[in-house]
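So the structure is just underneath, and the comments pick up after that.
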Amino acid sequence: MRLYNSLSRQVEEVKPVDERTVKMYSCGPTVYRYIHIGNMRSFMLGDLIRRGLRFEGQDVRWIMNITDVGHMTDEVTDTGRDKMELAVDDEGLTPQQIGQKYTDAFLADADLVGIERADLYPRASDHVPEMIEIIQKLLEKGHAYEVDGTVYYDVTTFPQYGKLSGNTLDALRAGHRQDTVADPNKRHPADFALWKKAGPGRLLKWPSPWGDGYPGWHIECSAMSMKHIGERFDIHTGGNDNKFPHHEDEIAQSEGATGQQVVSIWVHGGFLQMGGQKMAKSAQNIRRVTDLRDQGVDPLAYRLLCFATRYRSEMDFNWDALQGANERLTSIRKRMADWSKEPRPEPLSEGAQGFDRRFRDAVADDLDLPQAMVVLNELVSSPAVSGGEKYALLSLWDAVLGLDLMRLAREAWEPSEEINDLVRQRDEARSRKDYAASDAIRRRLIDMGLEVMDTAKGTRVRPSG
RNA sequence: GGCGGGGUGGCCGAGUGGUUAGGCAGAGGUCUGCAAAACCUCUCACAGCGGUUCAAUUCCGCUCCCCGCCUCCA
């Protein structure tokens, strides 16, 4: 599989350092509130990369962090309160309870959109000693300095700073934002906190060599990724907004501490927009996965909708398009139910193999799901491939797509005696040309949630989805 | 101000220097008693202005507009 590496700005082959297993780390959710479908798109990216690699026969170890402390605080002073602490005030729960509540909600929502569970979900609050260890190493190596209980990273000691985002130190100096307040303790405006001194009344704090405090925004990812998949791993994913400063700083930390390249490929997902704006709490345009369900849409239709857009591009969310995806998903599942009853030829035909190759190529080509969907659509309506083969291929491909395409086939729906009776009555009425009666019966069947079709063999019914 | 991504037919969205992306919606047709399902067909799409070229939606320049990051943010 090839992926676009934000660092090199080109598409690269995934070549696992440890030849047996691809190791991937994804920036996960912050758990002081519900996550929305825009966040989900990013998390789906990691899931799709893992599914794509497995499809090629590779083993993958996938880690996704849970952020329950740290990078949710005002950078300069301690007056800006940790968002976790604000949630504690609002909801009357302990930080642990808040974290647990929103972690559970995240996992449940992720399940709904077909994201398979990661191998591990390390929590930031469980890794403070590891973070302190890295900070100490950075101090020893001269990459960091302490001022009154707060430890900063000295960006001037890392000449490659800016290599990921393009925000080099020169550029950062040239284009200063007007509304930022300079921290007088920083030696360089781009320096960032590794460890912050705890202010009075702070709940979430830990003892450290520099006094009570809490970790800075970026250090958790350095600590947890290196602890769980090593100081040299293959893929790191996140949303586009993580590129700077989060990942830029993570590189400076991890590479500063280890003296080597840590991540091979950085993959960044494009944003989900809503009405031309980034979906974000501040824009008040967020939707949860459960909102989709409440609108009568299968959450997996959202997953299908995401496949229309390349993962790196921005995508505009819109209910009509989602509704369309929902229609399409149902229609494919119904066809799958029909095809499942046809014989499946053992060696696939030439034609079917051709479709399979094209599908696999698309997935391997930097996760070109829009192209893969074209192949899928062509297969669905291809007269050259039998229904049995279509079923075989689509159920294979669903390992990557995760759309539960076999749902209706699996449910193996059988009409009840009552339905069979009505079907018989309708066929009799039709043979008598008593259309008033046959239409009345059809109406009843439809009201029972069925789809009614006339075939050469008479009335046929199936669940309408 | 710095860094970066865009403007494609009713909607979502691929893609390409000359040949139909695809899905959804809509229209017509085949089939049907009528529907449904299925299949077929369709509405001269590429922000604007210049330029390069035999040929530009695709390359170059300019203009207009939108979005993201630079502060918490997938």
Side-chain angles (χ1 to χ4, degrees), chain A residues 6 9 26-30 32-33 35-46 67 71-76 80 82-83 162 165-168 170-181 189-190 217 237-246 248 268-273 276-283 304-305 307-310 312-329 331-332 334-335 338 368-378 380-381 383 430 433-435 438-439 442-443 445-446 450-455 459-462 464:
Chain A
S6 303
R9 285 148 217 252
S26 294
C27 280
T30 46
Y32 55 87
R33 64 173 185 211
I35 63 142
H36 54 72
I37 57 176
N39 300 314
M40 271 307 170
R41 186 177 179 219
S42 267
F43 303 142
M44 215 185 287
L45 174 58
T67 298
H71 75 60
M72 302 181 264
T73 324
D74 176 24
E75 183 87 25
V76 182
D82 190 295
K83 286 181 181 169
S165 65
N167 288 326
T168 58
D170 286 350
L172 284 168
R173 222 185 313 245
H176 246 322
R177 279 190 69 171
Q178 315 90 321
D179 54 346
T180 43
V181 186
W217 176 18
T237 76
N240 241 332
D241 57 343
N242 283 153
K243 213 186 269 180
F244 187 87
H246 185 53
E248 193 71 64
H268 291 99
F271 273 106
L272 182 74
Q273 305 200 332
Q277 297 278 304
K278 170 181 173 180
M279 181 171 286
K281 199 177 185 188
S282 53
L304 175 62
L305 182 65
F307 295 168
T309 311
R310 195 67 171 273
R312 279 190 268 137
S313 304
E314 287 171 355
M315 162 180 162
D316 204 29
F317 180 80
N318 145 320
W319 287 101
D320 287 346
L322 179 68
Q323 203 57 250
N326 198 48
E327 295 300 323
R328 180 64 180 163
L329 183 57
S331 135
I332 295 172
K334 283 186 196 167
R335 284 157 168 256
D338 291 345
D368 191 351
L369 269 356
Q371 182 55 35
M373 294 319 292
V374 168
V375 176
L376 182 147
N377 290 327
E378 278 183 32
V380 164
S381 53
R430 290 191 71 223
K433 295 200 194 306
D434 181 356
Y435 295 122
S438 84
D439 287 353
R442 177 166 63 195
R443 187 69 250 164
L445 289 166
I446 290 170
L450 301 171
E451 197 171 341
V452 181
M453 295 162 286
D454 285 347
T455 70
T459 300
R460 192 179 155 229
V461 291
R462 67 180 176 190
S464 59

Base, sugar-phosphate, or nothing: which does [X] touch, judged by heavy atoms less than 4.0 Å apart?
{"X": "N242(A)", "value": "sugar-phosphate"}
{"X": "D439(A)", "value": "base"}
{"X": "T168(A)", "value": "nothing"}
{"X": "R335(A)", "value": "sugar-phosphate"}
{"X": "G38(A)", "value": "base"}
{"X": "R430(A)", "value": "base"}
{"X": "G162(A)", "value": "nothing"}
{"X": "L304(A)", "value": "nothing"}
{"X": "K243(A)", "value": "nothing"}

Would you measure the distance from the [atom1] atom in [N] across to the matching atom in [M] and give it in whole Å?
{"N": "rU58(B)", "M": "rG23(B)", "atom1": "P", "answer": "26 Å"}
{"N": "rG33(B)", "M": "rA25(B)", "atom1": "C1'", "answer": "29 Å"}
{"N": "rC40(B)", "M": "rA55(B)", "atom1": "C1'", "answer": "33 Å"}
{"N": "rC64(B)", "M": "rG17(B)", "atom1": "C1'", "answer": "26 Å"}
{"N": "rA14(B)", "M": "rG5(B)", "atom1": "P", "answer": "16 Å"}
{"N": "rC66(B)", "M": "rC59(B)", "atom1": "C1'", "answer": "23 Å"}
{"N": "rC46(B)", "M": "rA56(B)", "atom1": "C1'", "answer": "11 Å"}
{"N": "rG7(B)", "M": "rA47(B)", "atom1": "C1'", "answer": "6 Å"}

Checklist line | Value rounded to 0.5 Å, distance of CZ in R328(A) from CG in L305(A) | finding: 14.0 Å

Note to self: Working to the nearest 0.5 angstrom, can you tell me the gap between Y435(A) OH and R430(A) CZ?
What the structure shows: 6.5 Å

Notebook entry, point to check: Are T237(A) and S26(A) linked by a side-chain donor-acceptor pair shorter than 3.5 Å?
Noted result: yes

Can you find a pair of side-chain heavy atoms, one from [X] and one from [Y], that are under 4.5 Å apart?
{"X": "V380(A)", "Y": "R335(A)", "answer": "yes"}
{"X": "M279(A)", "Y": "R41(A)", "answer": "no"}
{"X": "H246(A)", "Y": "F244(A)", "answer": "no"}
{"X": "H36(A)", "Y": "L272(A)", "answer": "no"}

Next item on the list: Both distances under 3.5 Å, Watson-Crick or G-U wobble: on that basis, could you give the dot-bracket string for RNA chain B, with [ ] for crossing pairs and | for other-strand partners?
Entry: (((((((..(((.....[...))).(((((.......)))))....(((((..]....))))))))))))....

Please state how far atom [atom1] in [X] lies from atom [atom2] in [N], giving the value in whole angstrom units.
{"X": "R41(A)", "N": "rC12(B)", "atom1": "CZ", "atom2": "C1'", "value": "12 Å"}
{"X": "M315(A)", "N": "rC67(B)", "atom1": "CE", "atom2": "P", "value": "18 Å"}
{"X": "L450(A)", "N": "rA35(B)", "atom1": "CG", "atom2": "C1'", "value": "16 Å"}
{"X": "R442(A)", "N": "rA37(B)", "atom1": "CZ", "atom2": "C1'", "value": "12 Å"}
{"X": "Q277(A)", "N": "rC69(B)", "atom1": "CD", "atom2": "P", "value": "10 Å"}
{"X": "F271(A)", "N": "rC70(B)", "atom1": "CZ", "atom2": "P", "value": "9 Å"}
{"X": "K278(A)", "N": "rC69(B)", "atom1": "NZ", "atom2": "P", "value": "4 Å"}
{"X": "D241(A)", "N": "rG5(B)", "atom1": "CG", "atom2": "P", "value": "16 Å"}

Closest to the [X] side chain, choosing from [options]:
{"X": "R310(A)", "options": "rA74(B), rG15(B), rC12(B)", "answer": "rG15(B)"}
{"X": "F43(A)", "options": "rA74(B), rG4(B), rA14(B)", "answer": "rA74(B)"}
{"X": "E451(A)", "options": "rG68(B), rA74(B), rA37(B)", "answer": "rA37(B)"}

Note to self: Given 3.5 Å as the limit, does a donor-acceptor pair link the side chain of R310(A) with the main chain of P370(A), or not?
What the structure shows: no

Next item on the list: Spell out, as yes or no, whether a donor-acceptor pair under 3.5 Å connects the side chain of S381(A) to the backbone of N377(A).
Entry: yes

Item checked: All salt bridge (charged side-chain N to carboxylate O under 4.0 Å, His left out) counterparts of R442(A), not counting sequence neighbours -> D439(A)

Notebook entry, point to check: Under 4.0 Å: is that the gap between some side-chain N or O of S313(A) and OP1 or OP2 of rA14(B)?
Noted result: yes

Check: Any side-chain N or O of N39(A) under 4.0 Å from OP1/OP2 of rA74(B)?
Finding: yes

Item checked: Closest approach of M315(A) to T309(A) (non-hydrogen atoms, all atoms of both residues) -> CG-OG1, 3.9 Å

N/O contacts under 3.5 Å, protein versus nucleotides 20-28 of chain B?
unit_1	atom_1	unit_2	atom_2	d
rG22(B)	O2'	N377(A)	ND2	2.3

Next item on the list: Please step through side chain to side chain contact (heavy atoms under 4.5 Å, CB included) for the pair I35(A) and F43(A), ending with a clear verdict.
Entry: CA-CA 11 Å; I35(A) 63 142; F43(A) 303 142; 3.6 Å; yes

Notebook entry, point to check: Hey, which of these two, D316(A) or T455(A), hits RNA chain B nearer its 5' end, going by closest nucleotide?
Noted result: D316(A)

Item checked: Donor-acceptor pair (no angle test) under 3.5 Å: D454(A) side chain, rA37(B) base -> no

